[in-house]
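Just follow the structure's listing: the first ligand is 1, and inside any ligand the first atom is 1. Because the structure is predicted, anything quoted here is derived from the model rather than measured.
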Amino acid sequence: MPAPVRFELLGVDTRSNARRGLLRTPHGTVETPVFMPVGTQATVKGVVPELLRACGSQMLLANTYHLALRPGEEVVRSLGGLHRFMAWDGPILTDSGGFQAFSLSDRATLTESGVAFRSHLDGSLLDLTPERAIAIQEALGADVAMVLDHCPALPAGKEAVAEATERTIRWARRCQRARTRDDQAVFGILQGGSHADLRSECAERLVEIGFDGYAIGGVSVGESPEEIRKALEVSTPHLPAHQARYLMGVGRPQDVLDAIAAGVDMFDCVLPTRNGRNATCLTRRGPVRMRNAAHKADPRPIEDGCDCPACSRFSRGYIRHLFLADEMLGPILASVHNLAFLHRLVRDAREAIGEGRYDRFRAEALEALGP
Ligand code: PRF
Ligand code: ZN
């Protein structure tokens, strides 16, 4: 099979493991490190494709579980596939649904065969086996599909984490065997919590099976920042240098900066859009709450110097007014700014890595962000 996505490592920072690269996909080339906005239901909530482009989005994420239930992968396929369906012609990655077994655990039953979901929409049954997860993602037609994995609920004893890790490896093998498309990449997913031996074992076995890239799963599911750092530290050294590494569900600016230093190339998170809908805006100096009375007559943009579509035209006073009046443009503008903020953070990181000064860039950015 020809490799549907190719990662080209452009350079590694001198004093950290931070990397710059290019991810070539059938829908274009992505500069890494990259942040992927989340479009669970084939839409990044409130943000049309033109605005996504304008705020610097390169690649989007969508969700297998949600789209299989509604509108159904065959509807998406019949409407030309996910890119055409949502009018985004850039690269797309679909998550497998493995994480929904964790986040919607009261609706999911996990067995060796797969995950059985009772739909959150109408109670109907979705039997998500590794084979079915691949078939759905092939019908959706994303550039990158993810294997079905088992992300254990925390707190979990080592025994339980080990069991989830072994199941994840078995499911990864079944996913690899189920593939029929040569124009779609599949990434393996590492589990293993913050246990060095489980992470390295999992990485080794997934690399043996052989995937187009590797994701680090089971991180940022309720652990401390210290545990997050440890899980990263014990994972990235076991992954092939010349393939993409993707940290799933992480988007807190501080965590992104740490993960880039550990050698991660790709991120996704609902944080910028979810916080935006809640009137919380990301800035270099930490979060700004747009409903705050302090912004009532503030003529400044959300963030000084930001050239995003929200900051280039609208004042804090106006955006606060939109939120207080419950106008839908408020969440839209805040989401657009937050996405632009994360895209700029990783763009500045890419530049700093290219110039061999990522360590200093990270220290200064963390200092400004605060805890
Ligand atoms: N597995 C999958 N998707 C995910 C995660 C995971 O462990 C996480 C954990 N942070 C986010 N999204 N398949
Ligand atoms: Zn802005």
Side-chain angles (χ1 to χ4, degrees), residues 36 38 40 47 51 54-56 61-66 93-105 108 110 114-115 128 130 133-134 137 144-154 156 161 164-165 167-168 171-172 175 186-194 199 202 214-223 227-228 231-232 235 246-252 255-256 259 264 266-272 276 281-284 288 290 300-316 318-319 332-345:
M36 300 180 285
V38 174
T40 292
V47 189
L51 270 177
C55 69
L61 174 142
N63 283 103
T64 298
Y65 166 79
H66 296 81
L93 177 149
T94 43
D95 197 358
S96 57
F99 190 63
Q100 275 65 47
F102 166 91
S103 61
L104 305 172
S105 59
L110 197 143
V115 188
L128 201 62
I134 290 296
Q137 293 181 88
V144 180
M146 302 301 300
V147 298
L148 189 69
D149 60 327
H150 179 185
C151 175
L154 294 182
V161 178
T165 306
R167 177 167 296 121
T168 293
W171 284 0
C175 284
V186 176
F187 283 13
I189 304 179
L190 262 74
Q191 292 291 343
S194 47
R199 286 276 175 187
C202 189
Y214 297 89
I216 300 163
V219 172
S220 192
V221 287
E223 338 80 291
E227 280 174 300
I228 296 180
L232 280 174
S235 296
Y246 160 32
L247 179 58
M248 310 189 80
V250 167
R252 215 173 60 97
D255 298 337
V256 168
V264 170
M266 303 167 68
F267 299 89
D268 81 278
C269 195
V270 295
L271 180 134
C281 285
L282 304 169
T283 77
R284 284 180 303 260
V288 172
M290 296 312 300
R300 293 176 304 158
I302 299 168
E303 177 158 37
D304 282 321
C306 179
D307 61 357
C308 84
C311 291
S312 56
R313 287 196 287 166
F314 303 106
S315 65
R316 288 186 179 197
Y318 177 64
I319 292 169
I332 293 173
L333 293 178
S335 297
V336 164
H337 166 79
N338 285 350
L339 289 172
F341 175 86
L342 270 163
H343 294 324
R344 183 165 53 239
L345 185 75

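To the nearest 0.5 angstrom, Leu232 atom CG is 5.5 Å from Leu247 atom CG. Summarising the geometry, atom OG belonging to Ser96 is positioned 4.5 Å from atom CD1 belonging to Ile189; distances are rounded to the nearest 0.5 Å.
Asp268 contributes no side-chain N or O that, together with a main-chain N or O of Met36, makes up a donor-acceptor pair within less than 3.5 Å. Judged by distance alone, the side chain of Arg199 and the main-chain N or O of Gly193 form a donor-acceptor pair under 3.5 Å. Side chain of Thr64 to backbone of Asp95: a donor-acceptor contact under 3.5 angstrom is found.
Between His337 and Phe341, the ring planes are tilted. Angles from 30° to 60° get that label.
Side-chain polar atoms of Gln191 and Thr168 form no donor-acceptor pair below 3.5 angstrom.
Listed as neighbours of ligand 1 are Asp95, Ser96, Phe99, Asp149, Cys151, Ile189, Gln191, Gly217, Gly218, Val219, Val221, Met248, Gly249, each bearing a heavy atom under 4.0 Å from the ligand.
Under the rule for a side chain to side chain donor-acceptor pair (under 3.5 Å), the partners of His150 that lie at least two apart in sequence or sit in another chain are Arg167. With sequence neighbours left out, the salt bridge (charged side-chain N to carboxylate O under 4.0 Å, His left out) criterion links Glu303 to Arg284, Arg344.
For a distance threshold of 2.8 Å, the protein N, O or S atoms nearer than that to the Zn ion (ligand 2), listed by chain and number, are Cys306 SG, Cys308 SG, Cys311 SG, His337 ND1.
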